[in-house]
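One structure, pasted below without further comment.
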Protein chains: 4
Amino acid sequence: MPKIVDHEQRRQELLDAMARVIVRAGIEGATTRAIAKESGWSTGSLAHYFSDRDDILSSVLRYSHERIKARWAEKLADLHGLAALRELILDNVPLDEERQAETRLEMVFWSQALNSAELLEIQRTEASDLYDNVRRVVEEAQGAGEINETVPVEEATERILALIDGFSLHALLYERRLTNDMIVRMVDTELALLRAGYPAPADH
Amino acid sequence: MPKIVDHEQRRQELLDAMARVIVRAGIEGATTRAIAKESGWSTGSLAHYFSDRDDILSSVLRYSHERIKARWAEKLADLHGLAALRELILDNVPLDEERQAETRLEMVFWSQALNSAELLEIQRTEASDLYDNVRRVVEEAQGAGEINETVPVEEATERILALIDGFSLHALLYERRLTNDMIVRMVDTELALLRAGYPAPADH
Amino acid sequence: MPKIVDHEQRRQELLDAMARVIVRAGIEGATTRAIAKESGWSTGSLAHYFSDRDDILSSVLRYSHERIKARWAEKLADLHGLAALRELILDNVPLDEERQAETRLEMVFWSQALNSAELLEIQRTEASDLYDNVRRVVEEAQGAGEINETVPVEEATERILALIDGFSLHALLYERRLTNDMIVRMVDTELALLRAGYPAPADH
Amino acid sequence: MPKIVDHEQRRQELLDAMARVIVRAGIEGATTRAIAKESGWSTGSLAHYFSDRDDILSSVLRYSHERIKARWAEKLADLHGLAALRELILDNVPLDEERQAETRLEMVFWSQALNSAELLEIQRTEASDLYDNVRRVVEEAQGAGEINETVPVEEATERILALIDGFSLHALLYERRLTNDMIVRMVDTELALLRAGYPAPADH
DNA sequence: CATGAATGAGTGTTCATTCAT
DNA sequence: TATGAATGAACACTCATTCAT
């Protein structure tokens with residue numbers, strides 16, 4: 001029993017190290033040696049906790065999402081409706097260094113997933129978690145009358161998710177152009193839009 | 001007289017091959033040998049056209065943007081205001097296979113740019129091109145009364161750019177969730193929003 | 001517990017292999033693979049003991065001199081004055097196969113040092129060791145009255161060093177012309193010259 | 001006829017370029033491209049004048065000696081005996097930049113010859129030219145009474161040749177230690193020694 | 001369980017050489 | 001004759017992985 005706890009704890013130590021290395025040096029810098037050095041353990045040790053490098057990679061992806069999800073659970077515990085939605089969105093956007101690191105990690109996995117069926121599957125599963133959460137909160141807010149009843153839930157959810165990743169990406173790549181202030185302001189505009197209801201699209 | 005070769009044409013041939021390899025196999029699959037094989041030339045030949053792998057990489061990024069920009073120029077030639085904006089947005093979203101390939105390429109460079117000052121610089125320069133184009137068309141549309149005069153141009157531009165990349169990303173990663181139809185519908189919603197003007201944000 | 005390896009011993013094993021390869025095939029034949037093969041280890045193993053090929057090269061140069069110096073120390077322990085000088089000179093001339101191999105190694109590094117600041121520095125440091133030894137013994141012999149008091153120590157030292165390398169070089173390149181007998185005879189002539197004192201130079 | 005002249009002239013142009021590259025960058029820097037660039041001709045041109053890189057190398061060695069020999073012929077034309085010997089020695093020692101370049105070239109070929117039967121043969125042939133010249137002048141001087149009749153010609157010749165290369169080597173490698181003044185002084189000491197006759201060697 | 005030495009395939013790159021023009 | 005594009009073997013080096021201790 002205590003051994004199992006140690007095992008899991010050691011895995012997390014190694015995954016933390018791996019995540020730090022990826023954030024600092026990218027996927028190409030995340031060599032076995034670099035991870036081992038960052039973690040303080042030997043390269044041979046990794047083999048006891050992960051079957052190979054791909055296993056480490058997918059584990060990092062899962063682990064990162066677990067931490068993010070745990071944070072949501074805590075933050076959303078006492079919030080409801082639009083307030084919860086706002087918190088959820090802002091929690092998924094790189095407004096501070098911790099969130100920036102998470103986004104860097106995400107970005108690496110976006111492209112990695114394109115060439116790995118396993119990573120893609122994980123990515124999709126994890127993404128559907130966020131999707132479900134956003135959608136649930138949107139529905140809740142709509143049920144509570146905070147979101148206009150004409151707003152289609154699915155579209156609202158997709159727009160929000162697109163904005164989250166779009167802002168995240170641009171915040172990292174074009175940091176001088178897209179400031180935190182602008183992101184927060186645009187998030188609030190989106191929330192106001194949900195309150196007011198989407199305008200009817202024109203013909204084309 | 002020696003064999004005369006159109007240097008620029010050969011470079012493009014090689015860059016096309018490189019882009020195909022990256023799209024198919026990712027950045028890690030884009031080895032010198034894979035590029036050579038895909039292009040039908042030998043590894044040694046690459047040295048005549050590029051100084052090293054980094055040079056190939058950054059050239060691919062630049063080349064891809066050149067093609068995209070050339071396409072805009074053509075498409076936007078006869079369009080103005082909102083119609084031009086709609087075309088520009090839809091042209092930057094992976095609605096067909098060609099555009100999907102471009103997005104895959106983009107995604108690879110997003111994460112590569114995080115660990116390469118040179119790629120980041122190129123990425124920023126190219127991104128500012130799109131920014132300028134979107135902003136110009138938005139201003140034009142606003143001048144023509146197609147966009148509500150209360151809409152802040154900068155914010156509108158950033159929202160659109162975020163949506164473009166957010167939709168692009170999700171279309172590739174979560175293709176079954178985010179369909180082309182939905183993307184087009186959401187783009188039109190965004191345009192309608194610009195016509196109607198942003199709602200006033202609530203307090204927090 | 002991991003396999004425990006005597007790092008220094010393994011380094012010397014590899015350096016010995018490297019020296020053998022250089023002696024046999026020259027600097028251009030001393031490829032990573034050739035060294036690995038000669039040593040019986042894999043190419044990847046070299047990386048554990050040397051940072052790169054330049055490191056191997058400079059280490060070989062240093063290592064070779066260490067062995068030579070250790071031999072002097074032993075040989076000169078009980079000798080003094082002219083007898084010590086004679087021994088020192090003869091020990092630095094390729095009279096047997098072992099010494100021939102050392103000279104071949106030396107010759108390779110002479111030209112390598114011309115294009116490598118690091119090798120040149122090592123070469124100079126090691127050369128000054130021999131200079132100091134020769135000079136010390138000459139002074140000792142002069143103090144003991146074995147060398148004429150009019151002989152300038154610096155000039156005597158330089159002549160001896162020049163003769164050592166000149167004989168070494170010619171013994172290897174023109175082995176049929178310059179025999180061991182001749183070398184020994186000329187060394188003894190030089191020692192006799194030191195006893196007798198240099199003749200006064202004529203005017204020019 | 002004029003074509004043949006052109007051919008030979010072109011060869012020399014290329015050999016000059018090759019020699020400059022070797023002196024500047026060593027044997028490893030003397031790539032086909034570097035030679036072509038230095039000469040101002042294309043890499044393909046080299047093939048018209050030399051069969052391969054080895055041919056270039058051995059031609060450079062021969063060419064360099066031809067120039068040196070031509071210089072001797074001129075310098076020694078009006079000199080005889082010890083005066084001629086002194087001139088010959090000083091002409092073969094790197095007292096000025098031109099001679100330094102020649103010595104650098106020599107040094108490269110010393111080690112190259114150890115692993116190339118062809119280069120070794122050339123080296124020996126060329127070296128015997130210098131040997132013959134030195135020996136001839138020594139005999140002449142001895143015949144004229146300038147050199148003591150007890151001096152063995154062969155040994156005198158070998159000593160001189162060893163000193164020439166020893167001084168040359170040390171002048172390049174240990175330039176701050178072995179100055180031109182010292183070299184000239186030691187050469188004159190050697191000449192004085194020839195006048196005075198070698199001292200009788202002691203027993204060992 | 002932990003180590004780190006050892007592996008050898010694979011990498012980007014360079015090179016002398018060939019050859020169609 | 002002169003060119004320089006093209007070649008592909010060879011290079012130094014790195015890497016994920018294995019395994020005896």
Side-chain angles (χ1 to χ4, degrees), chain A residues 3 6-7 10 28-37 39-57, chain B residues 1-7 10 28-37 39-57, chain C residues 1-7 10 28-37 39-57, chain D residues 3 6-7 10 28-37 39-57:
Chain A
K3 285 230 168 185
D6 280 351
H7 197 269
R10 176 67 47 82
E28 320 208 53
T31 65
T32 311
R33 276 167 168 71
I35 301 164
K37 188 174 181 185
S39 72
W41 298 91
S42 68
T43 61
S45 276
L46 304 187
H48 293 298
Y49 299 95
F50 305 97
S51 56
D52 57 15
R53 193 169 175 270
D54 278 357
D55 185 27
I56 303 184
L57 271 182
Chain B
M1 301 236 177
K3 207 179 302 184
I4 286 174
V5 163
D6 184 331
H7 237 259
R10 174 64 48 82
E28 320 208 50
T31 65
T32 311
R33 282 162 181 75
I35 302 164
K37 189 174 182 183
S39 71
W41 299 94
S42 67
T43 61
S45 276
L46 303 187
H48 290 297
Y49 301 96
F50 303 97
S51 55
D52 56 16
R53 194 170 174 269
D54 278 358
D55 186 27
I56 302 185
L57 272 181
Chain C
M1 300 233 175
K3 207 181 299 182
I4 285 174
V5 164
D6 184 332
H7 238 259
R10 174 65 47 81
E28 319 207 52
T31 66
T32 310
R33 284 165 178 74
I35 302 164
K37 190 173 180 184
S39 70
W41 299 94
S42 68
T43 61
S45 275
L46 303 187
H48 291 297
Y49 302 96
F50 304 97
S51 55
D52 56 16
R53 194 171 175 269
D54 278 358
D55 185 28
I56 301 183
L57 272 182
Chain D
K3 286 231 169 182
D6 281 349
H7 196 270
R10 175 68 46 83
E28 319 208 54
T31 66
T32 312
R33 278 166 167 71
I35 301 164
K37 188 174 181 185
S39 71
W41 297 92
S42 68
T43 61
S45 276
L46 304 187
H48 292 299
Y49 300 95
F50 304 96
S51 56
D52 57 16
R53 193 170 176 270
D54 278 358
D55 185 26
I56 302 183
L57 272 182

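The chains referred to below are lettered A, B, ... by the order of the sequence lines, with proteins before strands, and numbering in each begins at 1.
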**Request:** May I have the distance from D/F50 (atom CZ) to F/dT1 (atom P), rounded to whole angstrom?
**Result:**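 Value for this atom pair: 13 Å.
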**Fill in**
Here the distance between atom P of F/dG4 and atom CG of B/L46, to the nearest Å, is 20 Å
**Request:** Measure the distance from CH2 on C/W41 to C1' on F/dA12 and round it to the nearest whole Å.
**Result:**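 In whole Å, F/dA12 C1' and C/W41 CH2 are 21 Å from each other.
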**Request:** Summarise how protein sits on nucleotides 8-17 of chain E as a single string, 5' to 3': B when a protein heavy atom is under 4.0 Å from the base, S for sugar-phosphate-only contact, - for no contact.
**Result:** BB-BBB-BBB
**Fill in**
Closest heavy-atom pair, C/A34 versus C/G29, reported as atoms and distance to 0.1 Å, is CB-O, 3.4 Å
**Message:** Rounded to the nearest 0.5 Å, what separates atom CZ in C/R33 from atom CG in C/L46?
**Reply:**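 C/R33 CZ to C/L46 CG: 11.0 Å, rounded to 0.5 Å.
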**Message:** Using every non-hydrogen atom in the two residues, find where D/T43 and D/A36 come nearest and quote the distance to one decimal.
**Reply:** N-CB, 3.7 Å
**Asked** Are D/Y49 and F/dT1 close enough that a side-chain N or O sits under 4.0 Å from OP1 or OP2?
**Response**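 Negative; the distance criterion is not met.
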**Item:** Separation of E/dA5 P from C/H48 NE2 (nearest whole Å)
**Value:** 6 Å
**Item:** Nearest heavy atoms of B/D55 and B/Y49, plus distance in Å
**Value:**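 Closest pair (atom of B/D55, atom of B/Y49, distance): OD2-O, 4.4 Å.
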**Request:** Please report, rounded to the nearest Å, how far the P atom of F/dC13 is from the CD1 atom of C/I35.
**Result:**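 Taking CD1 of C/I35 and P of F/dC13, I get 10 Å after rounding.
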**Asked** If you measure from NE2 on A/H7 to NE2 on A/H48, what distance do you get to the nearest 0.5 Å?
**Response** 9.0 Å
**Prompt:** So do A/R53 and A/L57 actually touch side chain to side chain, heavy atoms under 4.5 Å?
**Reply:** yes
**Message:** Only Watson-Crick and G-U wobble pairs, only distances under 3.5 Å, only runs of 3 or more: what stems does that leave for DNA chain E?
**Reply:**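 Only these stems qualify: E:2-21 with F:2-21.
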